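Report on the following structure.
Proteins come first, then strands; the chains are lettered A, B, ... in the order of their sequence lines, and each starts at number 1. Just the heavy atoms: all of them, side chains too, but no hydrogens, waters or symmetry mates, feed the values below. A quick note: this is a predicted structure, and the numbers were derived from the prediction, not measured.
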Amino acid sequence: MIDRPDSHAEVTLVLPDGATRTVPAGTLPSDVVRSIGERLLLAAVAVSVNGEVQDLMTPLRRGGAFRVLTEKDPEALAVLRHSAAHVLATAVRRLRPEAKIGFGPAIEDGFYYDFEVAHPFTPDDLAAFEAEMRKVAQEKLPFVREEVDTAEARRRFVDDPLKLERLDDFTDPAEIISTYTDGPFVDLCRGPHVPDTGRLKHFKLLSAAGAYWRGDEKRQMLQRIYGTAFFKKDELDAHLFRLEEAKKRDHRRLGKELDLFMLHPFSPGATFWTERGTILYNLLVEYVRERQQRDFAEIKTPLLYNKGLWELSGHWGKYRENMFLVLDAESGEHDISLKPMNCPSHYLLYLSKKHSYRELPKRFVTFDVLHRNEVTGALSGLTRVRQFAQDDCHVFLREDQITSEVKFLMDFILGYYESFGLTATLKFATRPPERVGDDAMWDRAESALKAALEATAKPYQLKAGDGAFYGPKIDFDVTDSIGRAWQLGTIQLDYAAPERFDLTYTGDDNTTHRPVVIHRAVSGSFERFIAILIEHFAGAFPTWLAPEQVRVLPITDDQRDVAAKIVERMLAAGIRAHLDDRSETLKYRVAEGARMKIPYMCVVGKREAESDQVAVNTRGAGEGQKPAPVPADRFIERVRDETRSRSLLLEAGRAP
RNA sequence: GCUGACGUAGCUCAAUUGGCAGAGCACCUGAUUUGUAAUCAGGCGGUUGCGAGUUCGAUUCUCGCCGUCAGCUCCA
């Protein structure tokens, strides 16, 4: 143990009940916990000092609020999972001694550990590692923490080049270097850990995949093993069950089952929308258009441009890899490109006229198709594609309008999500190291964005340094069914484009001024948004979005004509209705309609036919529902109202 | 792009150490006329992703390409 300057001082701990303990600095938390109670020591996973989690074997250096964390405390789970990563590494080292160790942190929902090995792991390897982990857990090996100096650390990891590289980061001599040892395995680690490997009881290894060392694609690829761990068996089981359930709402699966879209190897990353899917797509475009009708100006611009535009915008230098280049037959050069973004073309349209400060903010919106040549490995269902359309907007505004404009755009975006029952995570990304513009400009831009953010009173995550080079931004993220976060909406301030394109307006002083540009998307892309919506609703769309809203089922051929007339009346009322008069049993047709997640199935039997009624089956009411007949006119009116109001609830079938 | 796994009928999946490629659903035909979550019978459907190689013989083994999936990188 290294002698620390503070090791002769005393620290005072304040227990949750207000009692205090004063102990010499350097005392182990386990000793403090033991002094509170032997049984508590058995239950203790770690402790919290001033809100900071540390384990039982790390010497106390500072006093403050002191809390013992047990399995019930949420903070303890990350400690367990971090230790699970070490147990995994312990098992891997036993079975594959040549493996070099990288990093092994706890992550949301689990943990991973990276290894450098000559041969990647197979599923069989994973099973073997998991079995070995169970042995390590049964051995109840204590986690032993040691604090060492750099020289000693280098000696311990002489065979682990990745750890030696990590040690290079320790440049501050005051920084504590610690190692954790469980049985034969020593890791360079700052902790915290559970007291011994026996604490690890319920865990599972989930997958293995390559991961670049330190996330750098120029460095070697390590093999990463993902797993998860819980304190209780039922929690682990519930988690694994959730993963299975999530797969059932995967938009790729539902897209096939509900006949919404397909992808074809002849055009990877581009969507074929079926007739049902196209209805859904168009409904969303129509909806956005309706919401934007008053305050935005929709425009359309070309899809193909000469490289001159991209040189002007900077894309030719920075983004060409991602652009689809087209051969110019006359020049023989690939100097034409499909547009990957709308902004440059919107600037051209803006430049086609002189603008007065009176027209600002001017908001151009479009639904044009964009193409980006994403690397193959990045493609993923509809969430990451090569061809897509954004509900893209470029706002040209005066700098003094930023706060009010951002507020306006945020309300617009959040209101839109809310109408689907979607909740997004807000991220505020500030100035990156490489940027244009002076600090005063960034100060103004960031404070304007921040003011608008805080006006919404919604929590947001600060991503310092993550802004675009041309300005700070607010991103709106949602997660898919398997927990991956996807960016949908965005609000980005841009000070660079107005300079590059020499955008101007005439101010009230009759001189020329530079506007600011805001890039805004709401759905992100319709492709991605639809993917998220499919998963959000699990394919059970609200009436207004359902490609097929009503299916009418005559019980026998005797009701076929009456049913057909009811369908006609529905179609005339603008309802997307179909007649299912196949000679299948009612059971069969009801089952199929349910599988297709049709909001309403109207059964027409003898009784209904005689009284101009329909017996409405409402989706989600479950099997064996006893539908009461509703007058056909009344039902039609209700479906229309439900559609018009874009209600998320299915209420048209309730008793009259 | 990188690492790995995978690719069999429209869909979901089978096919015992390399030996005639199958089932259910869907689709078509016929029967059935059904009161609420899959009625019965028959039929159609395949150069096993594509291309080479090894072999008497390849869905199976090897290589290349294409695509999909997970993760990394990147991003709406």
Side-chain angles (χ1 to χ4, degrees), chain A residues 112 114 117 119-123 125-126 206-226 247 250 252-253 256-257 259 262-269 319 321-322 340-342 370 372-386 388-392 475-478 482 484 486-490 492 519 521-529 531-532 553-560 581-595 601-608 615-617 619 621-627 629:
Chain A
Y112 69 76
D114 287 344
V117 283
H119 301 289
F121 302 125
T122 65
D125 288 332
L126 254 58
L206 296 170
S207 63
Y212 295 110
W213 169 232
R214 299 208 142 177
D216 184 346
E217 61 180 325
K218 292 184 181 65
R219 306 293 304 267
Q220 72 268 41
M221 183 156 270
L222 310 181
Q223 295 302 316
R224 176 172 298 177
I225 297 176
Y226 285 93
K247 283 186 196 157
D250 188 312
R252 291 165 294 197
R253 176 190 177 125
K256 209 174 274 180
E257 286 175 7
D259 192 21
M262 74 152 189
L263 298 167
H264 195 281
F266 278 157
S267 188
Y319 204 74
E321 296 272 290
N322 285 300
M341 298 180 192
N342 288 305
L370 304 176
R372 295 184 191 172
N373 197 356
E374 303 288 349
V375 295
T376 52
L379 300 178
S380 177
L382 294 189
T383 46
R384 191 76 185 276
V385 289
R386 287 186 173 144
F388 58 95
Q390 298 179 312
D391 44 6
D392 210 359
D475 285 337
F476 299 77
D477 286 8
V478 293
I482 56 176
R484 291 180 295 200
W486 295 98
Q487 184 188 319
L488 295 185
T490 186
Q492 308 181 351
H519 306 250
V522 184
S523 301
S525 75
F526 285 97
E527 284 73 6
R528 181 176 288 178
F529 193 72
I532 295 295
L553 317 178
I555 291 177
T556 75
D557 285 350
D558 293 341
Q559 294 91 43
R560 174 194 259 159
D581 60 355
R582 291 175 298 173
S583 104
E584 301 287 351
T585 58
L586 185 63
K587 271 163 109 78
Y588 176 90
R589 288 175 288 156
V590 166
E592 189 188 84
R595 215 167 42 243
M601 281 181 285
C602 293
V603 172
V604 180
K606 188 158 179 288
R607 294 194 297 273
E608 288 79 13
V616 183
N617 290 260
R619 184 190 64 213
E623 289 182 30
Q625 58 177 300
K626 295 272 182 287

TODO: Evaluate salt bridge (Lys or Arg N to Asp or Glu O under 4.0 Å) for A:Asp216 paired with A:Arg214, printing each intermediate quantity in order.
DONE: CA-CA 5 Å; A:Asp216 184 346; A:Arg214 299 208 142 177; over 6 Å; no
- [ ] Mind running side-chain contact (heavy atoms from CB on, under 4.5 Å) on A:Leu553 and A:Arg582 for me, showing each step along the way?
- [x] CA-CA 9 Å; A:Leu553 317 178; A:Arg582 291 175 298 173; over 6 Å; no
Remember a base hit wins even if backbone is also touched, and classify [X] as base, sugar-phosphate or nothing at under 4.0 Å, heavy atoms.
| X | answer |
| --- | --- |
| A:Lys606 | base |
| A:Gly622 | base |
| A:Glu592 | nothing |
| A:Leu553 | nothing |
| A:Gly210 | base |

G-U wobble or Watson-Crick pairing nucleotide for [N] (cut-off 3.5 Å, both distances):
| N | value |
| --- | --- |
| B:U62 | B:A52 |
| B:C25 | B:G10 |
| B:A5 | B:U68 |
| B:U34 | none |

For [N], does OP1 or OP2 lie under 4.0 Å from any side-chain N or O of [X]?
| X | N | answer |
| --- | --- | --- |
| A:Lys587 | B:A37 | yes |
| A:Lys218 | B:C2 | no |
| A:Arg252 | B:C69 | yes |
| A:Thr376 | B:G1 | yes |
| A:Thr585 | B:U39 | yes |
| A:Tyr588 | B:A26 | yes |
| A:Arg589 | B:U33 | no |
| A:Gln223 | B:U3 | no |

Distance, rounded to the nearest Å, where [X] contributes [atom1] and [N] contributes [atom2]:
| X | N | atom1 | atom2 | value |
| --- | --- | --- | --- | --- |
| A:Arg582 | B:U33 | CZ | P | 18 Å |
| A:Lys247 | B:A70 | NZ | P | 10 Å |
| A:Leu222 | B:G71 | CG | P | 17 Å |
| A:Lys256 | B:A26 | NZ | P | 18 Å |

For the [atom1] atoms, the ones on [N] and on [M], what distance do you get once it is rounded to whole angstrom?
| N | M | atom1 | answer |
| --- | --- | --- | --- |
| B:G1 | B:U48 | C1' | 30 Å |
| B:G67 | B:U73 | P | 22 Å |
| B:A31 | B:G49 | C1' | 40 Å |
| B:A58 | B:A52 | C1' | 13 Å |
| B:C44 | B:C65 | P | 40 Å |

TODO: Taking only the side-chain heavy atoms of A:Arg384 (C-beta and beyond), determine which of B:U33, B:G35, B:C74 contains the nearest atom.
DONE: B:C74
Task: Closest to the A:Tyr212 side chain, choosing from B:G4, B:U34, B:U73 - done: B:U73
Open item on the list: Using the six-membered base ring of B:A76, report whether A:Trp486 stacks on it, requiring centroids under 5.5 Å and planes under 30° apart.
Closed with: no
Open item on the list: The criterion is side chain to side chain donor-acceptor pair (under 3.5 Å); which residues satisfy it with A:Glu217, sequence neighbours excluded?
Closed with: none
